[in-house]
Number of protein chains: 2
Amino acid sequence: MVFVKPPQSASTREVVYSALREQILQLELPPGTGLSEKEISLQFNVSRTPVRESFVQLAQEGLLEILPQRGTYVSLIDTSLVEEARFMREQLERAVIKQACDRFPQEQLIKLQGNLALQKLSVENQDYKKMFELDEEFHRTIFEGCGKSYTWGVIQHVNVHLNRSRMLRLAADHNWNHIYAQHEQMATAIEAHNSSEADRLMQNHLNLTVTDQSLLKEKFPAYFK
Amino acid sequence: MVFVKPPQSASTREVVYSALREQILQLELPPGTGLSEKEISLQFNVSRTPVRESFVQLAQEGLLEILPQRGTYVSLIDTSLVEEARFMREQLERAVIKQACDRFPQEQLIKLQGNLALQKLSVENQDYKKMFELDEEFHRTIFEGCGKSYTWGVIQHVNVHLNRSRMLRLAADHNWNHIYAQHEQMATAIEAHNSSEADRLMQNHLNLTVTDQSLLKEKFPAYFK
DNA sequence: ACTACCACACTACCATACAAGTATGGTAGT
DNA sequence: ACTACCATACTTGTATGGTAGTGTGGTAGT
């Protein structure tokens with residue numbers, strides 16, 4: 001009972017799964033889009049089996065709705081799920097950043113500051129997608145520094161709906177200077193071991209996500225449930 | 001783009017998936033057990049396809065390890081994952097029970113008290129599995145009363161490893177009187193809107209889970225990674 | 001004009017066949 | 001006795017055919 005060799009080469013299922021997941025989260029496959037096993041299998045030039053298995057995976061994550069004998073659709077964004085996801089994220093992020101103020105490795109702190117520099121650039125260049133990635137990485141780095149990588153993974157897993165919502169927001173309005181400024185202040189608070197300030201900042205930061213939820217629903221009504 | 005009819009009858013994949021999941025969480029399929037698509041398909045008298053799809057699902061949840069061309073095994077319990085799961089659960093449970101002290105529906109409060117009565121019975125009868133279920137239901141009811149059902153679902157999804165660990169604990173030692181007493185005090189705190197007391201109780205309550213982790217690893221070394 | 005019906009094209013679902021990688025036990029050669 | 005090799009019986013991965021349920025558009029009947 002020893003698990004020696006990790007699976008090296010990606011299986012066909014894995015490839016299809018990752019590709020579809022990326023397209024869904026990037027809104028290249030918008031909520032409500034109809035898919036079909038056959039269509040995708042032709043598109044990737046593989047059989048229906050691995051496609052079907054990736055559908056099952058994506059459905060389990062809540063990214064696809066499989067209606068037996070009827071069709072498979074990219075799931076609509078459920079605002080109540082988004083709210084609960086935001087709630088969970090808030091609790092966990094606040095707990096972690098407080099922990100980071102107590103003890104945070106130098107290496108990760110440097111990584112944070114490098115990330116911030118890139119954020120500043122992306123804001124200036126109005127590079128939306130890059131900024132989104134850097135935002136993710138910023139938060140992930142905090143979790144890693146606290147030895148909570150798995151927790152971050154769970155947040156990512158949970159917040160698929162929230163992420164699509166955030167993607168809409170980044171594409172819609174443009175207050176990244178604010179976001180960037182908040183990130184910078186959080187890094188400073190961690191460095192200064194200022195736990196209460198960090199907690200306050202994070203709370204405000206994550207509240208941005210929920211405020212314009214109804215606004216998004218007006219702008220993109222077809223994407224919401 | 002309307003999703004009218006929910007899928008009524010369970011598909012073969014769903015049946016196999018649920019059955020295996022239950023067996024794994026109940027430790028009827030202990031960590032490390034080797035499975036095979038063919039074996040299970042014969043056992044359920046179905047083809048390999050739905051079995052295989054349920055394997056993919058269970059692997060995504062971290063309950064199975066699929067080693068290509070080598071075999072599939074019930075995953076071992078990863079103590080570091082257990083610790084992070086406990087961390088997440090603590091943060092979320094504390095946040096929710098504090099919210100429950102502010103505002104909690106009468107209906108759910110009654111449900112809590114009914115549950116407590118059954119817990120007392122189960123403790124007296126030393127009915128381990130029943131007590132485990134009632135414990136789950138107690139916590140779930142708190143989440144439901146706060147409109148956080150999805151959050152509870154996520155905890156359940158996350159804590160598969162933790163749950164197996166807890167199952168071992170319940171089978172091993174016998175301090176349920178303590179667990180029951182804590183539950184009772186929490187219900188009282190909710191009713192009395194005593195937020196700080198509820199928070200303190202929940203924190204202690206969940207700390208029970210982690211303390212004897214190393215002890216379990218000694219008792220059942222083969223089940224851990 | 002309207003309704004009931006039905007053929008057809010589509011879907012996801014499941015069973016089966018084949019392919020490819022892996023562990024193992026026996027055997028021939030040293 | 002020991003090692004290298006190979007046939008074989010496993011495993012999971014992929015492809016494909018057939019089944020059953022579902023939506024749709026056309027048509028015959030009223």
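Every chain is numbered from 1 and lettered A, B, ... according to where its sequence line falls, protein lines coming before strand lines.
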B:Arg70 CZ - C:dT22 C1' separation (whole Å):
8 Å

So CG of A:Asn207 and CE of A:Met202: to nearest 0.5 Å the spacing works out to 11.5 Å

Remember a base hit wins even if backbone is also touched, and classify B:Thr49 as base, sugar-phosphate or nothing at under 4.0 Å, heavy atoms.
base

Which whole-number value in Å describes the distance from B:Gln57 CD to C:dC13 P?
11 Å

Should A:Ser36 be listed as having a side-chain N or O under 4.0 Å from OP1 or OP2 of C:dT11?
yes

Tell which nucleotide pairs with D:dG21, taking only Watson-Crick or G-U wobble pairs whose two distances are both under 3.5 angstrom.
C:dC10

Does a distance-only test, which skips hydrogens and angles, find a donor-acceptor pair under 3.5 Å between the side chain of B:Thr72 and the base of D:dT11?
no

On the side chain of B:Gln69, is there an atom forming a donor-acceptor pair with the base of D:dT11 - under 3.5 Å, no angle test?
no

Would you call A:Glu90 and A:Arg94 a salt bridge, using N to O less than 4.0 angstrom?
yes

Of the candidate nucleotides C:dA12, D:dT14, D:dG23, which contains the atom at the shortest distance from the side chain of A:Arg52?
C:dA12

Assess whether a salt bridge exists between A:Arg52 and B:Glu53, defined as any Lys/Arg side-chain N lying under 4.0 Å from an Asp/Glu carboxylate O.
yes

Is any side-chain nitrogen or oxygen of A:Ser11 closer than 4.0 Å to OP1 or OP2 of D:dG13?
no

Parallel under 30°, tilted from 30 to 60°, perpendicular over 60°: which one fits the rings of B:Phe143 and B:Trp152?
tilted

Measure CZ/B:Arg48 against C1'/D:dC10 and give the value in whole Å, please.
12 Å

Is it true that a side-chain atom of A:Gln23 and a backbone atom of A:Glu28 form a donor plus acceptor pair closer than 3.5 Å?
no

Counterpart base for C:dT22, defined by Watson-Crick or G-U wobble contacts under 3.5 Å
D:dA9

If pairing means Watson-Crick or G-U wobble with both distances under 3.5 Å, then the partner of C:dT30 is D:dA1

Tell me which nucleotide among C:dA12, D:dT14, C:dT16 gets nearest to the side chain of A:Ile66.
C:dA12

Rounded to whole angstrom units, what separation is found between the CD atom of A:Glu37 and the P atom of C:dT11?
9 Å

Take atom CG of A:Leu35 and atom P of C:dA12, then tell me their distance rounded to the nearest Å.
8 Å

Would you indicate, yes or no, if D:dA15 has its OP1 or OP2 atom less than 4.0 angstrom from a side-chain nitrogen or oxygen of A:Ser47?
yes

